[in-house]
Each structure stands twice: as C-alpha cells, then as structure tokens.
*Asks:* 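My structure is below; once you've seen it, I'll send some questions.
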Amino acid sequence: DQVITHLIAHERLPIAVATLDTGKLHAPTLELIGRTERAYGLPIERFAPSHEAVVQFVGHHGERAMFDSVEQRLACCALRKLEPLSRLLEGQGAWVTGLRREQSSQRAEVSPYEIEDTGRVKFNPLAEWSWADVWHYIQTHSVPYNALHDQFYPSIGCAPCTRAIALGEDFRAGRWWWEQEGAKECGLHVKQ
C-alpha cells in the first residue's frame with residue numbers, strides 16, 4: 001500500500017488516503033503512518049473500531065479471543081477491521097488497494113479491478129507485481145516502509161496475529177500462524 005500512497009502523492013492524484021487503526025497495530029506500523037504523512041504532506045485519515053464495542057468484546061471474550069477459535073478471530077477482525085472499513089467506504093464509488101496475486105493462494109486470482117456487489121469499483125493496480133517489483137520501487141523512489149519488513153515480517157497485520165517468518169516459509173505464514181491455511185484472511189478482501 002505504500003507504493004500506492006507514493007503514486008497518489010507523487011502524481012498529485014485527487015484520492016484521499018486512509019488506513020484502519022485496529023487498536024492492535026505494531027508500534028512500527030503506527031510510526032509509519034506519521035512518517036508517511038510527513039514525507040508527502042498528505043493527511044492519512046484513520047478509521048478505528050468503536051471503543052465501546054471493543055470494550056464489550058474484550059470484556060466478554062478476553063484479550064486473546066482470537067486464539068480460541070477461528071470464529072472468535074473472525075469476530076475480532078470484523079470488529080476491528082470490517083466495521084471501520086465499511087465506514088471508510090461509505091458513500092465512496094471506488095477504492096484502491098495494494099493486493100497482489102503473489103501474496104497468497106487466496107489472492108492468486110486478484111483482478112486489476114472488480115465491481116463489488118455494492119457497485120463500488122475496487123482497483124488493485126499492483127495485482128501482477130512481484131515482491132521484487134515492490135521492493136525495487138520502494139528503493140528506487142525512497143518510499144517509507146514498515147521497519148518490521150527488515151525483521152522478516154513480509155505481511156503485517158495486528159500485533160497479536162502477526163509474527164516474523166522463517167527462511168522458506170510462505171509470504172503470509174506469519175499471519176494467524178496457528179490456523180489452517182484456508183482460514184488466513186480477515187475478511188477485508190474476501191468476496192461475499
């Protein structure tokens with residue numbers, strides 16, 4: 001997504017930039033938001049879950065509910081990601097993501113654009129890019145990136161649900177590593 005943000009800023013495109021602040025992000029991820037704003041002079045709007053809903057969920061299920069079952073993990077993702085995303089996209093005719101086919105088997109068929117059930121267009125301009133393409137662009141254009149990438153985190157989500165990967169592991173092996181391979185999506189990019 002940092003490549004997309006750079007392109008928006010560099011080309012001065014009239015596209016608002018926003019992110020989801022789940023309340024469980026790694027410190028380097030939060031730091032990157034501010035660093036990106038300063039680098040481009042571009043405000044990044046943050047969408048967070050309802051504080052009351054988080055308190056209620058944690059009070060009922062505990063801080064580590066995501067480890068109890070796939071259903072509890074998906075409920076946490078719905079609260080912290082899906083609900084804020086629905087507010088972010090409310091009234092929008094389109095959105096742009098950094099999804100790439102190479103990221104996982106679930107994303108292998110990602111199209112450069114799609115029409116969602118709502119009629120909104122979802123653009124995935126990096127769909128065909130490789131990991132090497134992304135890093136070449138980042139280095140060539142001095143794009144700010146998450147310091148966790150330097151610690152073997154190729155895919156970064158919420159802190160409790162993301163770990164570094166070992167040499168030879170799949171790109172998203174550090175996401176929800178305790179679950180079966182087919183369950184490793186939060187719902188943000190899953191077709192209903």
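The figures that follow rest on heavy atoms only: side chains count, while hydrogens, waters and symmetry mates do not.
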*Asks:* Can the ring centres of F171 and W131 be said to be less than 6.0 Å apart?
*Replies:*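 Yes, the ring of F171 comes within the 6.0 Å limit of the ring of W131, centre to centre.
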
*Asks:* By the definition side-chain contact (heavy atoms from CB on, under 4.5 Å), identify the one residue from Q72, R80, E52 that meets it with F57.
*Replies:*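 Running side-chain contact (heavy atoms from CB on, under 4.5 Å) over Q72, R80, E52 with F57 returns exactly one hit, Q72.
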
*Asks:* Check this for me: does any side-chain nitrogen of one of E114 and R120 sit under 4.0 Å from a carboxylate oxygen of the other?
*Replies:*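 Salt bridge between E114 and R120, a charged N being under 4.0 Å from a carboxylate O: no.
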
*Asks:* Would you call E45-R87 a salt bridge at under 4.0 Å N-O?
*Replies:*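 R87 and E45: not salt-bridged.
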
*Asks:* How about H149 and Y153: are their ring centres within less than 6.0 Å of each other?
*Replies:*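 Between H149 and Y153, the centre distance exceeds or equals 6.0 Å.
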
*Asks:* For residues H10 and Y40, establish whether the separation of their ring centroids is below 6.0 Å.
*Replies:*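 Ring centres of Y40 and H10 not closer than 6.0 Å.
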
*Asks:* Please check this pair: side chain of R163 against backbone of G174, looking for a donor-acceptor N/O pair closer than 3.5 Å.
*Replies:*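 Pair absent, no side-chain N/O of R163 close to backbone of G174.
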
*Asks:* Please indicate whether Q56 has more than 12 foreign heavy atoms, meaning atoms of other residues, nucleotides or ligands, lying under 6.0 Å from its CD.
*Replies:*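 No, not enclosed.
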
*Asks:* Nearest 0.5 Å, please: how far is CD1 in I15 from CD in E11?
*Replies:*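 Nearest 0.5 Å value for the CD-CD1 distance: 10.5 Å.
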
*Asks:* Can you tell me how far the OH atom of Y137 sits from the CD atom of Q2, to the nearest 0.5 Å?
*Replies:*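 CD of Q2 is found 11.5 Å from OH of Y137.
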
*Asks:* Quick one: CD on E63 to SG on C76, what's the gap to the nearest 0.5 Å?
*Replies:*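 Taking CD in E63 and SG in C76, the distance rounds to 9.0 Å.
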
*Asks:* Check E179 with R73, please: is the shortest side-chain N to carboxylate O separation under 4.0 Å?
*Replies:*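 Looking at E179 together with R73, the answer is yes, because their closest N to O distance falls below 4.0 Å.
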
*Asks:* Which distance, rounded to the nearest 0.5 Å, do you find between the CG of L79 and the OG of S50?
*Replies:*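 Result: 7.5 Å between the selected atoms.
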
*Asks:* Would you compute the distance between atom CD1 of I156 and atom SG of C161 and round it to the nearest 0.5 angstrom?
*Replies:*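 So the CD1 of I156 and the SG of C161 are separated by 14.0 Å.
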
*Asks:* In this structure, would F123 and I4 fall into the same cluster of hydrophobic residues linked by side-chain contacts under 4.5 Å?
*Replies:*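 Linked, F123 and I4 end up in one cluster.
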
*Asks:* Could you go through the side chain to side chain contact (heavy atoms under 4.5 Å, CB included) check for D21 and L30 one step at a time?
*Replies:* CA-CA 8 Å; D21 183 349; L30 293 170; 3.8 Å; yes

*Asks:* Keeping D1 on the side-chain end and G98 on the backbone end, is there a donor-acceptor pair under 3.5 Å?
*Replies:*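 Yes, the answer is positive, given that a donor and an acceptor are paired below the 3.5 Å cut-off.
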
*Asks:* Which value, rounded to the nearest 0.5 Å, describes the distance between F47 atom CZ and L89 atom CG?
*Replies:*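 Here the interatomic distance stands at 8.5 Å.
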
*Asks:* Strictly below 4.0 Å, N to O, side chains only: are R46 and E37 in salt-bridge contact?
*Replies:*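 Salt bridge: yes.
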
*Asks:* Can you get from I138 to L32 by hopping between Ile, Leu, Val, Met, Phe, Trp and Tyr side chains that sit under 4.5 Å apart?
*Replies:*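 In one cluster with I138: L32, no.
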
*Asks:* Does NE2 in H141 sit with more than 12 non-hydrogen atoms of other residues, nucleotides or ligands closer than 6.0 Å?
*Replies:*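 More than 12 within 6.0 Å, yes.
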
*Asks:* Under the 3.5 angstrom rule, does the side chain of T29 hit a backbone N or O of L25 as a donor-acceptor pair?
*Replies:*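 Not at all, since once roles are kept as given, no pair shorter than 3.5 Å links the two residues.
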
*Asks:* Within the side chain of D170, is there an N or O that forms a donor-acceptor pair under 3.5 Å with the backbone of R172?
*Replies:*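 Confirmed, D170 side chain pairs with R172 backbone.
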
*Asks:* Given side-chain hydrogen bond (donor to acceptor under 3.5 Å, both in side chains), test W177 with E169 step by step and report yes or no.
*Replies:* CA-CA 11 Å; W177 64 93; E169 279 190 298; over 6 Å; no

*Asks:* For the side chain of T162 and the backbone of G157, is there at least one donor-acceptor N/O pair under 3.5 Å apart?
*Replies:*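 Here the side-chain-to-backbone pair exists.
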
